[in-house]
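Below: the structure, in structure tokens.
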Number of protein chains: 2
Amino acid sequence: MGYDVMARTCPSRVVLHRIGARWTVFVVNALEHQPLRFVELRTHIQGITPKVLTETLRTLERDGLVARTDHEEHPPRVEYELTELGRSLLEPLRAVRRWAEAHIPEIQAANAAAAAREPGDS
Amino acid sequence: MGYDVMARTCPSRVVLHRIGARWTVFVVNALEHQPLRFVELRTHIQGITPKVLTETLRTLERDGLVARTDHEEHPPRVEYELTELGRSLLEPLRAVRRWAEAHIPEIQAANAAAAAREPGDS
DNA sequence: GCCTCCGGTTCCCTTGAAGTAACTCGGTAT
DNA sequence: ATACCGAGTTACTTCAAGGGAACCGGAGGC
């Protein structure tokens, strides 16, 4: 309690920034139903590069949202799963994701209308 | 229906990116209860510069989330308010904001623990 | 001896979002 | 004439996130 996101120094700004990071939403969403391995995440989240996936996972780990389990096998088997904390983020993120998926047409229409209102640049 | 954020070309990625933009959450939240003028937004959202506020508002306008009303007075009076669409985003964003505000201690603790686990760099 | 598999790492470059600071515009007040 | 207001704009800089491509290491298989 007592945090105010509007305050310049509020730590929740950092947290919001993390959530807003390009790939966080996708990784968390991907781990919703079961633990996944690196390659599985990679193929599940289309377009993510290994570098960025690693970075995102490390950040999520540091923040205590994702747990990494190295099974010490050969070939390597490493699994990522949501922690309790990470799981608690699912609900809000799902809401945002659902909103995004549901309102695409309206947003696209608004953009098209705005574009039509402006003088075409060609 | 039928959008899948995990698909490389899904338009919802663009939408999520917009929502994730540094200042979107703050502007939308600030407009929750009543229309605000430029300066009011500026003082309400601590740390935002006029340039960035303008950019954010323009984007929100284009996306149809915020309506701009110029009252054509002198000195100028311009009010920004959420549209119906913008208002529908409030609920999901509030959830995320609440989550952020609520889980700061845990995230900070996780970060501190992770930092302690690593070899100090000095 | 070399390849493959998995889970990365490394280096380097590009982009674009954000920040800084100074300036504009048109009208009214002093 | 000058200054001030609100609501921006403009030009320039900065910087971290992101992307691309190539490489690594050790076990097991051919």
Side-chain angles (χ1 to χ4, degrees), chain A residues 5-6 8-10 13-28 30-31 35-63 66-81 118-119, chain B residues 5-6 8-10 13-28 30-31 35-63 66-81 118-119:
Chain A
V5 276
M6 294 306 180
R8 195 189 305 262
T9 59
C10 183
R13 289 202 172 178
V14 179
V15 175
L16 282 173
H17 192 217
R18 286 278 219 300
I19 297 174
R22 200 150 190 66
W23 297 102
T24 303
V25 189
F26 302 113
V27 172
V28 174
L31 293 175
L36 290 177
R37 324 174 45 168
F38 195 84
V39 257
E40 290 170 337
L41 281 167
R42 209 147 112 67
T43 54
H44 201 90
I45 306 167
Q46 286 180 31
I48 197 168
T49 63
K51 197 201 94 177
V52 173
L53 179 53
T54 306
E55 284 172 3
T56 307
L57 286 169
R58 292 288 173 274
T59 304
L60 258 21
E61 252 190 286
R62 264 193 83 91
D63 288 343
V66 159
R68 177 181 185 278
T69 312
D70 187 339
H71 293 273
E72 310 272 354
E73 298 174 1
H74 277 282
R77 188 160 67 90
V78 177
E79 281 188 328
Y80 294 93
E81 61 183 319
E118 274 158 37
Chain B
V5 277
M6 295 305 181
R8 195 190 306 263
T9 59
C10 182
R13 289 203 172 177
V14 179
V15 175
L16 283 172
H17 193 218
R18 288 275 218 300
I19 298 174
R22 200 150 192 66
W23 298 102
T24 303
V25 189
F26 302 113
V27 172
V28 174
L31 293 175
L36 290 178
R37 322 174 47 168
F38 195 83
V39 256
E40 291 171 334
L41 281 166
R42 209 146 112 65
T43 56
H44 201 89
I45 306 168
Q46 287 181 31
I48 197 168
T49 63
K51 195 201 93 179
V52 173
L53 179 53
T54 305
E55 285 172 1
T56 307
L57 286 169
R58 293 287 172 275
T59 305
L60 258 21
E61 252 189 284
R62 262 192 84 91
D63 288 343
V66 161
R68 177 181 184 277
T69 312
D70 187 339
H71 294 271
E72 311 270 356
E73 297 175 3
H74 278 281
R77 189 161 67 89
V78 176
E79 282 188 328
Y80 294 93
E81 62 183 319
E118 273 159 35

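The analysis underlying the following values was restricted to heavy atoms, covering all of them including side chains, and did not include hydrogens, waters or symmetry mates. Just so we're on the same page: letters track the sequence lines, and every chain starts at 1.
Nearest heavy-atom pair across B:A30 and B:H44 is CB-CD2, 3.8 Å. Of all heavy-atom pairs between B:P35 and B:E40, the closest is O-OE1, 4.4 Å.
Under a 3.5 Å cut-off, the side chain of A:R13 and the backbone N or O of A:V5 do form a donor-acceptor pair. In this structure, B:T24 contributes its side chain and B:G20 its backbone to no donor-acceptor pair below 3.5 Å. Looking only at distances, no side-chain donor or acceptor of A:R68 sits under 3.5 Å from a matching main-chain atom of A:E81. Under the 3.5 Å distance criterion, the side-chain polar atoms of B:R37 are matched with a main-chain donor or acceptor of B:P76.
Atom-to-atom, CD of A:E40 to P of C:dC6 comes out at 10 Å; the value is rounded to the nearest Å. Remark: P of C:dG8 and CD of A:E72 are 12 Å apart, rounded to the nearest angstrom. What separates CZ of A:R68 from P of C:dG7 is a distance of 10 Å, to the nearest Å. Per the geometry, CG belonging to B:D70 stands 14 Å off C1' belonging to C:dG27, to the nearest Å. Between the CG atom of A:L57 and the P atom of C:dT9 there is a distance of 10 Å, given to the nearest Å.
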### Task
Show your reasoning for whether side chain to side chain contact (heavy atoms under 4.5 Å, CB included) applies to B:F26 and B:I48.
CA-CA 10 Å; B:F26 302 113; B:I48 197 168; over 6 Å; no
### Residues A:E55, A:R58; criterion salt bridge (charged side-chain N to carboxylate O under 4.0 Å, His left out); working and verdict
CA-CA 5 Å; A:E55 284 172 3; A:R58 292 288 173 274; over 6 Å; no
### Query
Stepwise, does the side chain to side chain contact (heavy atoms under 4.5 Å, CB included) test hold for A:F38 with A:V78?
CA-CA 7 Å; A:F38 195 84; A:V78 177; 5.8 Å; no
### Message
Across nucleotides 15-23 of chain C, 5' to 3', mark each nucleotide with B, S or - according to how protein heavy atoms within less than 4.0 Å reach it.
### Response
---BBB---
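Using a 4.0 Å cut-off, some side-chain N or O of A:R37 falls inside it from OP1 or OP2 of C:dG7. A close approach under 4.0 Å does occur between a side-chain nitrogen or oxygen of A:Y80 and OP1 or OP2 of C:dG8.
Where DNA chain D meets chain B (any atom under 4.0 Å from a heavy atom), the bounding nucleotides read 5' to 3' are D:dG6 to D:dA11.
Across all strands shown, A:R42 has no heavy atoms under 4.0 Å from either base or sugar-phosphate atoms.
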